[in-house]
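Working notes, beginning with the structure itself.
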Amino acid sequence: MAVNKKILITGGAGFIGSHLVRRFVNNYSNYHIYNLDVLNYAGNLENLKDIEHKDHYTFLRGDITNEVYINSIFNAYKFDAVIHLAAESHVDRSIKNPLGFAKTNILGTMVLLNAFVSLWKNDWKGKRFYQISTDEVYGSLGASGLFKETTPYNPNSPYSASKASSDHFVRAFGETYGMPYVISNCSNNYGPNQFPEKLIPLFINNIINKKPLPVYGDGNYTRDWLYVKDHAMAIDLVFHRGKNHETYNIGGFNEYKNIDLVKLLCKQMDKKLGRDFGTSEKLITYVKDRPGHDLRYAIDASKINNELGWAPSLTFEAGLSKTIDWYLDNKAWLENVTSGDHMNYYTNQYADI
Ligand code: NAD
Ligand code: TYD
């Protein structure tokens with residue numbers, strides 16, 4: 001099929017980005033997909049081996065903060081749309097390196113916005129900037145309530161503050177320059193290809209290797225978990241059918257306390273690894289809490305559900321089981337990514353266990 005749209009996906013070699021790139025390349029042969037990624041510790045082209053040979057897919061290695069480079073690719077390829085995922089994405093790393101997060105997440109987003117506006121400011125028809133954001137920008141909930149699209153931003157970590165700031169710039173460019181945009185704020189993702197320093201893949205890796213499972217504080221923190229392919233499906237819908245200048249919350253309708261999640265993971269893994277029930281739970285180790293740790297996140301995803309007909313396709317138990325199977329079947333991937341930078345970070349972050 002002839003290509004009728006050029007789409008830039010940033011951060012497409014990372015966890016969520018790689019699932020999104022695969023979905024778009026496989027489902028839309030009328031789009032040319034350009035995947036721009038700097039390939040930091042979380043970006044891995046191994047994630048996209050199955051689609052990299054396709055004619056309507058191009059990988060571009062580059063840094064979103066490099067204004068000269070970004071302007072040059074916008075001028076060369078004239079992207080009709082941008083789906084922006086490239087970011088520093090781990091709260092614990094943001095506590096250690098807030099400036100690095102400000103640079104990538106705020107400045108990098110601004111460089112992309114500037115390039116997009118410079119290219120299309122006189123002709124916005126059929127153009128769109130889609131900002132992929134997080135529920136963490138809303139801050140922390142108490143024991144009850146849900147984040148709605150109208151909940152005021154109240155970020156607590158350098159990561160969430162940098163994402164909040166970049167969302168504000170996207171809105172501002174929409175209001176100031178008439179740039180058509182859409183934003184979605186999603187809850188915690190899990191699934192294949194997630195770098196093993198976020199809770200679920202880190203703990204899967206530690207259980208495989210019989211290493212301690214470092215639960216922060218008392219473990220009574222709540223997150224709302226969504227399978228990554230369900231997020232990619234939601235992004236596809238919002239990109240094609242979401243209204244300009246709107247925000248959509250995406251969540252799993254699936255709240256779990258960290259400690260309950262970890263116990264479920266231990267149970268499923270004991271069974272799959274043929275270990276006695278209770279073996280992995282013995283690895284649970286309570287460690288010093290994360291500073292500024294948000295108590296609870298939970299999304300009200302009724303807008304995307306009502307307006308676009310989206311709903312998660314999997315229960316958490318089924319998604320978790322598929323995720324564990326993927327990591328057990330892809331030990332080479334896991335070993336490859338748990339070297340170098342990851343090991344330095346790990347030793348530093350968990351020095352006391
Ligand atoms: P990730 O860390 O796995 O991937 C981020 C990708 O961006 C990596 O491939 C990395 O190499 C690339 N990148 C980083 N800095 C870059 C730069 N300067 N220039 C170009 N590329 C760069 O993250 P993820 O979990 O896939 O998250 C993707 C996006 O989704 C982020 O914007 C994040 O804020 C958002 N998000 C994540 C979650 C989640 O639970 N993981 C939930 C909601 C929203
Ligand atoms: P994480 O996967 O880092 O995502 P986020 O901070 O973006 O929600 O953490 C999920 C929850 O798990 C969060 O409450 C922090 C907690 N956690 C631990 O208890 N131990 C760990 O080693 C990690 C990485 C996270």
Side-chain angles (χ1 to χ4, degrees), residues 9-21 35-45 47-48 60-66 69-70 83-95 100-101 103-105 107-109 111-112 131-137 140 157 159-160 162-163 166-167 184-191 193-203 206 212-226 228 231-232 235 250-252 256-259 261-262 284-290 292-297 299 337 346 349-350 353:
I9 298 183
T10 69
F15 167 47
I16 302 170
S18 60
H19 289 278
L20 186 72
V21 165
N35 170 13
L36 168 70
D37 200 297
V38 78
L39 300 181
N40 74 4
Y41 62 93
N44 187 347
L45 289 179
N47 297 348
L48 291 166
L60 303 167
R61 185 168 190 188
D63 189 329
I64 55 169
T65 65
N66 181 340
Y69 172 74
I70 293 299
I83 309 181
H84 177 36
L85 294 95
E88 289 284 349
S89 67
H90 186 190
V91 174
D92 293 321
R93 283 190 189 249
S94 82
I95 294 167
F101 275 63
K103 187 175 174 210
T104 298
N105 297 356
L107 188 66
T109 303
V111 168
L112 292 169
Q131 162 84 346
I132 305 300
S133 191
T134 165
D135 60 354
E136 305 194 22
V137 296
S140 183
S157 74
Y159 164 65
S160 53
S162 67
K163 290 296 291 187
S166 61
D167 293 359
S184 59
N185 298 78
C186 189
S187 62
N188 286 59
N189 283 217
Y190 70 97
N193 304 99
Q194 188 170 28
F195 192 74
E197 65 183 19
K198 302 274 176 79
L199 180 72
I200 291 180
L202 175 73
F203 279 31
N206 284 12
L213 305 177
V215 172
Y216 296 158
D218 60 6
N220 284 321
Y221 293 89
T222 300
R223 298 291 181 265
D224 173 351
W225 295 92
L226 178 67
V228 63
H231 187 192
I235 293 173
I250 306 169
Y256 254 88
K257 277 203 165 121
N258 292 344
I259 191 63
L261 185 162
V262 172
I284 293 175
T285 309
Y286 291 92
V287 298
K288 198 156 86 46
D289 213 345
R290 171 188 278 172
H293 199 165
D294 286 334
L295 178 67
R296 178 172 163 261
Y297 304 145
I299 282 271
V337 301
Y346 191 85
Q349 174 73 7
Y350 300 105
I353 57 167

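Along the sequence shown, residues carry numbers from 1. Ligands are counted one by one from 1 in listed order, and the atoms in each one are counted from 1 as well.
- Close contacts of ligand 1 with G62, meaning ligand atoms under 4.0 Å from a residue heavy atom, involve 19 (N), 20 (C).
- Although no hydrogens or angles enter the test, the distance criterion places no donor-acceptor pair under 3.5 Å between the side chain of D224 and the main chain of G251.
- Side-chain polar atoms of E136 and Y297 form a donor-acceptor pair below 3.5 angstrom.
- Side chain of N189 to backbone of S187: a donor-acceptor contact under 3.5 angstrom is found.
- Heavy atoms of A13 approach ligand 1 to within less than 4.0 angstrom.
- In this structure, G12 falls outside the shell of residues with a heavy atom less than 4.0 angstrom from ligand 1.
- Heavy-atom contacts of N189 reach the following atoms of ligand 1: 39 (C), 40 (O), 42 (C) (cutoff under 4.0 Å).
- Near I132, meaning under 4.0 Å from one of its heavy atoms, ligand 1 places the atoms 30 (O), 32 (O).
- In the candidate list Y297, Y159, Y346, Y350, Y350 is nearest to atom 22 (O) of ligand 2, counting heavy atoms.
- Ranking the protein heavy atoms by distance from atom 5 (C) of ligand 1 puts A87 O, 3.5 Å first.
- Only the side chain of N258 comes within 4.0 Å of ligand 2, counting heavy atoms alone; its backbone N, CA, C and O stay farther away.
- With hydrogens and angles ignored, the 3.5 Å screen pairs a side-chain donor or acceptor of S162 with a backbone N or O of Y159.
- An N or O contact shorter than 3.5 Å links F15 to ligand 1 by distance.
- Using the six-membered ring where Trp is involved, Y190 and W225 have ring planes that are perpendicular, over 60° apart on the 30 and 60° scheme.
- Residue-ligand proximity, K198 to ligand 2, at heavy-atom distances under 4.0 Å covers atoms 2 (O).
- Judged by the shortest distance from any of its heavy atoms, Y190 lies outside the 4.0 Å radius around the atoms of ligand 1.
- In terms of protein heavy-atom proximity, atom 19 (O) of ligand 2 is nearest to Y216 N, 2.9 Å.
- For atom 15 (N) of ligand 1, the closest heavy atom belonging to the protein is T104 CG2, 3.5 Å.
- Within the 4.0 Å heavy-atom cutoff, S187 counts among the residues contacting ligand 1.
- Using a 30° and 60° split on the angle between ring planes, H19 and F15 fall in the perpendicular class, above 60°.
- Each of the following atoms of ligand 2 lies closer than 4.0 Å to a heavy atom of V215: 19 (O).
- Looking at V91, L202, N188, it is N188 that brings a heavy atom closest to atom 4 (O) of ligand 2.
- Exactly one of L48, L20, L60 qualifies for a side-chain contact (heavy atoms from CB on, under 4.5 Å) with N35. That residue is L48.
- Within ligand 2, counting atoms from 1 as listed, the ones closer than 4.0 Å to a heavy atom of P214 are 18 (C), 19 (O), 20 (N), 21 (C), 22 (O).
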Chi angles and distances behind the side chain to side chain contact (heavy atoms under 4.5 Å, CB included) call for K198, N188: CA-CA 10 Å; K198 302 274 176 79; N188 286 59; over 6 Å; no
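- Nearest to atom 44 (C) of ligand 1 by heavy-atom distance, out of A42, C186, S89, S133, is S133.
- Contacts with ligand 2 closer than 4.0 Å are made by side-chain heavy atoms of E136 only, the backbone lying farther away.
- Of the polar atoms of H84, none of the N or O atoms is found under 3.5 Å from an N or O of ligand 1, judged by distance alone.
- Short contacts between ligand 1 and L39, defined as distances under 4.0 Å to a heavy atom of the residue, involve ligand atoms 11 (O).
- For ligand 1, the atoms closer than 4.0 angstrom to any heavy atom of N188 are 40 (O).
- Of the listed options D135, I64, L36, N185, I64 places a heavy atom closest to atom 19 (N) of ligand 1.
- In the vicinity of G11, heavy-atom distances shorter than 4.0 Å reach the ligand 1 atoms 6 (C), 7 (O).
- Applying the 4.0 Å criterion to heavy atoms of G14 picks out, from ligand 1, the atoms 3 (O), 4 (O), 8 (C), 9 (O).
- For atom 32 (O) of ligand 1, the closest non-hydrogen atom of the protein is K163 NZ, 2.6 Å.
- In terms of protein heavy-atom proximity, atom 2 (O) of ligand 2 is nearest to L199 N, 2.9 Å.
- Set against the non-hydrogen atoms of D63, the atoms of ligand 1 under 4.0 Å away are 17 (C), 18 (N), 19 (N).
- For atom 31 (C) of ligand 1, the closest heavy atom belonging to the protein is L85 O, 3.1 Å.
- The side-chain heavy atoms of Y221 and D289, taken from C-beta on, include a pair separated by under 4.5 Å.
- Counting only non-hydrogen atoms, the option in Y297, Y159, F195, W225 that gets closest to atom 33 (C) of ligand 1 is Y159.
- Annotation for R223 and L295: closest pair NH1-O, 3.8 Å, computed over non-hydrogen atoms.
- For atom 8 (C) of ligand 1, the nearest protein heavy atom (residue, atom name, distance) is D37 OD2, 3.5 Å.
- A pairwise comparison of heavy atoms in N47 and N193 identifies OD1-ND2, 3.0 Å as the closest pair.
- If you check the side chains of Q131 and S166, you find a donor sitting under 3.5 Å from an acceptor.
- Near E197, the atoms of ligand 2 lying under 4.0 angstrom from a non-hydrogen atom of the residue are 24 (C).
- Between atom 38 (C) of ligand 1 and the options T134, I16, V38, T10, the minimum heavy-atom separation is to I16.
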Does the pair D92 and Y216 meet the rule for a side chain to side chain contact (heavy atoms under 4.5 Å, CB included), with working shown? CA-CA 11 Å; D92 293 321; Y216 296 158; 2.8 Å; yes
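- Annotation: F203 places no N or O atom under 3.5 Å from an N or O atom of ligand 2; distance criterion only.
- Atom numbering of ligand 2 starts at 1 in the shown order; those under 4.0 Å from a heavy atom of H293 are 13 (C), 14 (O), 15 (C).
- If you check which protein heavy atom lies closest to atom 6 (O) of ligand 2, you get R290 NH1, 2.5 Å.
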